[in-house]
Amino acid sequence: MLRFSLLLLNLEEYYFEQHTAHHIQHKGGQNERKIRGSLKICSKSVIFEPDAISQPIIKIPLRDCIKIGKHGENGASRHFAKAKSGEISLSFSQVYFIKEHNIVAPYKIERGKMEYVFELDVSGKVEDVVETLLQLHRASCLDKLGDQTAMITAILQSRLARTSFDKNRFQSVSEELHMECQAEMVTPLVTNPGHVCITDTNLYFQPLNGYPKPVVQITLQDVRRIYKRRHGLMPLGLEVFCTEDDLCSDIYLKFYDPQDRDELYFYIATYLEHHVAERTAESYTLQWQRGHLSNYQYLLHLNNLADRSCNDLSQYPVFPWVISDYCSSELDLSNPGTFRDLSKPIGALNKERLERLLTRYQEMPEPRFMYGSHYSSPGYVLFYLVRIAPEYMLCLQNGRFDNADRMFNSIAETWKNCLDGATDFKELIPEFYGDDVSFLVNSLKLNLGKRQGGQMVDDVELPPWARSPEDFLQKSKDALESNYVSEHLHEWVDLIFGYKQKGSEAVGAHNVFHPLTYEGGVDLNSIEDPDEKVAMLTQILEFGQTPKQLFAIPHPRRITPKFKSSPQTSSCNASTADSPVSPGEESFEDLTEESKTLAWNNIAKLQLYEQYKIHKEAVTGIAVSCNGSSVFTTSQDSTLKMFSKESKMLQRSISFSNMALSSCLLLPGDATVISSSWDNNVYFYSIAFGRRQDTLMGHDDAVSKICWHDNRLYSASWDSTVKVWSGVPAEMTGTKRHQFDMLAELEHDVGVDTISLNAASTLLVSGTKEGTVNIWDLTAATMLHQIPCHSGTVCDTAFSPDSRHVLSTGEDGCLNVIDVQTGMLISSMTSDKPQRCFIWDGNTVLSGSQSGELLVWDLLRGKLSERIQGHTGAVTCIWMNEQCSSIITGGEDRQIMFWKLQY
């Protein structure tokens, strides 16, 4: 049974080799006895693990050794006698006894001068082992910590240099080696040196000491996610996951050289590109906003992207306290008072304590901080996990458990301390929202000490509303996924991962921690003194670290279901579609919604059934009458054409000038069609009278796009403006000329190529020639956001049906999703060719490509799901009917194509 673990070593200590041996007790005496086991040589200690579990493991720190040598030799002489004896003698002043009868308990320490004798099975190895021990002993006796570290590192590096990866460990003889380098495998509190090897099919790690197994192998085909990590503040880590959602990874490696790390990352990433898309924080934001990721899953992804890992206790994933009621017998998740204020850090929840901290902060010299301890540190993580990871706590605290009264004894007590304690500001860990109750239960029957009141520390005391540990976790999960938390989680994300993490926003939010906890807070490379460097690093790792900043602007809020009361919905998002339907009466709208959803789910089954070449140049716009019988198109050949779907005949061809037309639309009632032209004008054509009825001369350069809503016309132009016009009635009868009044002028820096309105016409999005997307509030004619997100012209833009997001496509081939409320770019995908036009339902996009194909994109999974053959040149415009069952496209090949959904 394996009792030894790397956690028996000191922090930053390495385990080098082991030898089968006997510990000879009472050597030469009457009751001499031999205990068989394994002698392990480590960088700061010698450990003997007896085979019999009734015997304790022995740990002798090398710095406490007085004499090391071959047993029986003269202490003054380091020259070995020719004797065949395989015995090694250690004289020392202190020894630890660990895990007697295999019970995890605080280490027993014996002090005073002692001598132990160990007999190696292979006597020929004695001289090498003694030489190694003497060398390591010299290192551990150096005065300065920096010098000790440097000498041990040199010994380790020479051992690594003398060995290499054993190619016999390859899974198959045909595997091709891509690269091999040295690295350390990281697990909590421990790193284990060895050799990393990557082939065309596998990633291997071979520990130098063969522990816990000779080789760790990961099949590249199984890899789902990889992350670069900061380890000890240096860009040396790489973590590999073979699962989508698991908390723990399959391997975490720390390299000695950032170039090795980056090369390995690049190799695996390139391999994955054919299988898995690399994800950014923003791409998960879109999924979370639309309810495809739970709050728990989203927080897990953000932690991962911010360098938090279960293998690194100084950067363990951080989760929020969300419940503030640990006294009631029932937990009421419909009462906002049940929840903690997620817009404030733990330290700011108690007003009186905060005032004391702020007074101290104001009197402090620079660099100032509000909180002397962090919300996540190795000590806090192990405070919560001591019942399932007792050996970690013993490792961190030199073989001792914490004082019984300072243990994790009760949920309510811990929460109260976080509210009132002078130095306690800790958040939670993911385990509080998981399925495994073992961290709450003392199932290992550990002796964790006796409290002042005389009671033993046992299971964690739960709040009155939890009937069992399982019930506590279930209710905690329910709280995390509750409507209240969904509506406010973005505020906590702003503090921990977002724009309130640093700078003036952090000061305003009372969220300022010690400078050493922030990325870039100290440059370790600039510290010359090795002692100071080691001390600084140790301090940083023990103190806790702030996650990597993921968002620089306010985080978007979650889209909570509309039938639940959400008092904060702003008026601009409230449209008629938001009105709730009383149960039992399924409205016609709901049926239409259902058929639309069905259509979009099957959009990849689009079939071309008719095509007509009716223009002499590229088609630029499509408008269709309500009954679907008449199709109007504009073209760069300067004509507006009217095509009959029934007779499949061209019915009219109208020319207003010799300049290209750029877009067209039909006014309600289908009596008037409006076209925009490169000759700076907008033309009104009466279908009934068969003639041009009016001309709006509103711009100083080509009009690129027009929209109409509720007697208002919106025109975009290359003259760098978008103008809003009133007095455009739906019915333009007779010969009367119209008076067009300009209501607003939205000024841009450069020419505007495309515009689009949201469903309620309260917002407008414009795309410019220089790649900027602008979101405007039409009620106040002001710009809400300006997002430079394309290189080159923006081809097309459109709001999602719920007005929460804007999609834009550009000449650079990018499809970008922007959150309307915050202006954050929350998803970006790249296509091989520009997508010239598109339609979308918020989740799925059907785009017309420069290649002539129609492409179907799954935004939530961040991938292209279908290519449909279409035009022979670029697809330049696309139209879809209200029911989403019929689609018409126009292209540079001068054709219009009719498509229908077959499912």
Side-chain angles (χ1 to χ4, degrees), residues 2 5-6 14-18 156-157 159-188 190-231 234-279 300-301 304-305 307 309-312 861-863:
L2 197 65
S5 110
L6 295 176
Y14 296 110
Y15 161 38
F16 285 137
E17 60 190 56
Q18 68 164 348
L156 169 64
Q157 288 302 329
R159 282 178 166 253
L160 284 167
R162 291 198 305 271
T163 54
S164 63
F165 186 87
D166 175 8
K167 309 288 189 294
N168 295 324
R169 294 281 175 190
F170 281 177
Q171 287 286 298
S172 130
V173 285
S174 59
E175 269 183 77
E176 280 182 46
L177 173 68
H178 175 70
M179 78 173 277
E180 182 183 342
C181 63
Q182 300 161 0
E184 295 175 9
M185 185 164 134
V186 179
T187 50
V190 169
T191 62
N192 199 12
H195 296 276
V196 169
C197 198
I198 191 159
T199 69
D200 50 352
T201 51
N202 290 293
L203 170 67
Y204 297 98
F205 176 75
Q206 188 167 32
L208 194 57
N209 49 30
Y211 176 88
K213 52 185 185 181
V215 72
V216 177
Q217 177 227 338
I218 285 177
T219 310
L220 292 181
Q221 224 171 342
D222 295 341
V223 175
R224 287 288 155 270
R225 300 175 284 148
I226 51 170
Y227 299 97
K228 289 181 179 178
R229 295 276 185 238
R230 276 181 309 169
H231 188 274
M234 306 294 276
L236 298 170
L238 181 71
E239 193 163 21
V240 180
F241 289 78
C242 294
T243 56
E244 275 308 337
D245 287 330
D246 273 16
L247 190 54
C248 296
S249 65
D250 291 79
I251 194 167
Y252 185 141
L253 295 168
K254 173 204 163 190
F255 295 79
Y256 297 111
D257 179 349
Q259 267 181 302
D260 286 344
R261 192 273 306 261
D262 292 346
E263 190 181 335
L264 196 77
Y265 176 87
F266 181 75
Y267 185 80
I268 300 178
T270 312
Y271 180 91
L272 290 187
E273 248 170 36
H274 314 299
H275 313 266
V276 184
E278 191 184 354
R279 303 300 293 265
L300 215 50
H301 286 307
N304 250 320
L305 291 162
D307 268 344
S309 162
C310 290
N311 284 312
D312 183 350
R861 290 194 182 79
K863 65 184 178 83

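Along the sequence shown, residues are numbered consecutively beginning with 1. Bear in mind the structure is a predicted one, so any value in this text is a computation, not a measurement.
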Here the gap from Asp246 atom CG to Arg224 atom CZ, rounded to the nearest 0.5 Å, amounts to 12.5 Å
If a pair satisfies salt bridge (Lys or Arg N to Asp or Glu O under 4.0 Å) and one of its residues is in residues 247-259, list it, with sequence neighbours excluded.
-> Glu184-Lys254
Can you name the residues that form a side chain to side chain donor-acceptor pair (under 3.5 Å) with Asn304, not counting sequence neighbours?
-> Arg229
Does the Tyr204 side chain pair with the main chain of Thr199, one donor and one acceptor, at a distance under 3.5 Å?
-> no
Value rounded to 0.5 Å, distance of CG in Leu253 from CD1 in Ile218 | 8.0 Å
Residues in salt bridge (Lys or Arg N to Asp or Glu O under 4.0 Å) contact with Arg169, at least two apart in sequence or another chain | none
For the atom pair CG (Leu300) and CG (Leu305), what is the distance rounded to the nearest 0.5 Å?
-> 10.0 Å
Within-4.5 Å side-chain heavy-atom neighbours: Pro258 and Leu236 | yes
Answer yes or no: is there a donor N or O on one side and an acceptor on the other, between the side chain of Asp166 and the main chain of Asn168, under 3.5 Å?
-> yes
Rounded to the nearest 0.5 Å, how far apart are OH of Tyr252 and CE of Met185?
-> 12.5 Å
By side chain to side chain donor-acceptor pair (under 3.5 Å) - contacts of Glu17 (at least two apart) | His19, Arg159
Taking side chain as C-beta onward, heavy atoms only, is Tyr267 less than 4.5 Å from Leu220?
-> yes
Tell me, do Leu208 and Tyr14 make a side-chain contact under 4.5 Å, heavy atoms counted?
-> no
Side chain to side chain contact (heavy atoms under 4.5 Å, CB included) involving Asp222 - partner list, sequence neighbours excluded | Thr219, Cys242
If we only count heavy atoms from C-beta on, is the Asp312 to Asp307 side-chain gap below 4.5 Å?
-> no
Closest heavy-atom pair, Tyr256 versus Pro193, reported as atoms and distance to 0.1 Å, is OH-CB, 3.6 Å
On a heavy-atom basis, the closest approach of Val196 and Ala183 is CG2-CB, 3.5 Å
Could you tell me whether the side chain of Tyr271 reaches within less than 4.5 Å of the side chain of Leu203, counting heavy atoms only?
-> no
So, do Tyr265 and Val240 sit near enough that their side-chain heavy atoms are less than 4.5 Å apart?
-> no
Partners passing side chain to side chain contact (heavy atoms under 4.5 Å, CB included) against Met179 (at least two apart in sequence or in another chain) = Cys181, Ile198, Asp260, Glu263, Leu264
Working to the nearest 0.5 Å, report the span between OG1 of Thr191 and CG of Asn311.
-> 11.5 Å
From CG (Asp200) to CD (Glu175), nearest 0.5 Å | 6.5 Å
Residues which pass side chain to side chain donor-acceptor pair (under 3.5 Å) with Tyr227, listed by chain and number, not counting sequence neighbours | Arg225
Backbone of Pro235 reached by a side-chain donor or acceptor of Arg261 within 3.5 Å = yes
For residues Cys310 and Pro188, report the shortest heavy-atom separation together with the two atoms involved.
-> O-CG, 3.3 Å
Any side chain to side chain donor-acceptor pair (under 3.5 Å) involving residues 205-216? Give me the pairs, sequence neighbours left out, ordered by first then second residue.
-> Asn192-Asn209
Any Asp262 side-chain heavy atom under 4.5 Å of Lys228 side chain = yes
Find out whether Gln171 and Thr201 are in side-chain contact, i.e. whether some heavy atom of one side chain is under 4.5 Å from a heavy atom of the other.
-> no
Partners passing side chain to side chain contact (heavy atoms under 4.5 Å, CB included) against Val190 (at least two apart in sequence or in another chain) | Leu6, Leu7, Thr187
By side chain to side chain donor-acceptor pair (under 3.5 Å), His301 pairs with (sequence neighbours left out) none
Please list, chain by chain and in numerical order, all residues satisfying side chain to side chain contact (heavy atoms under 4.5 Å, CB included) with Lys167, sequence neighbours excluded.
-> Phe165, Phe170, Leu177, Glu180
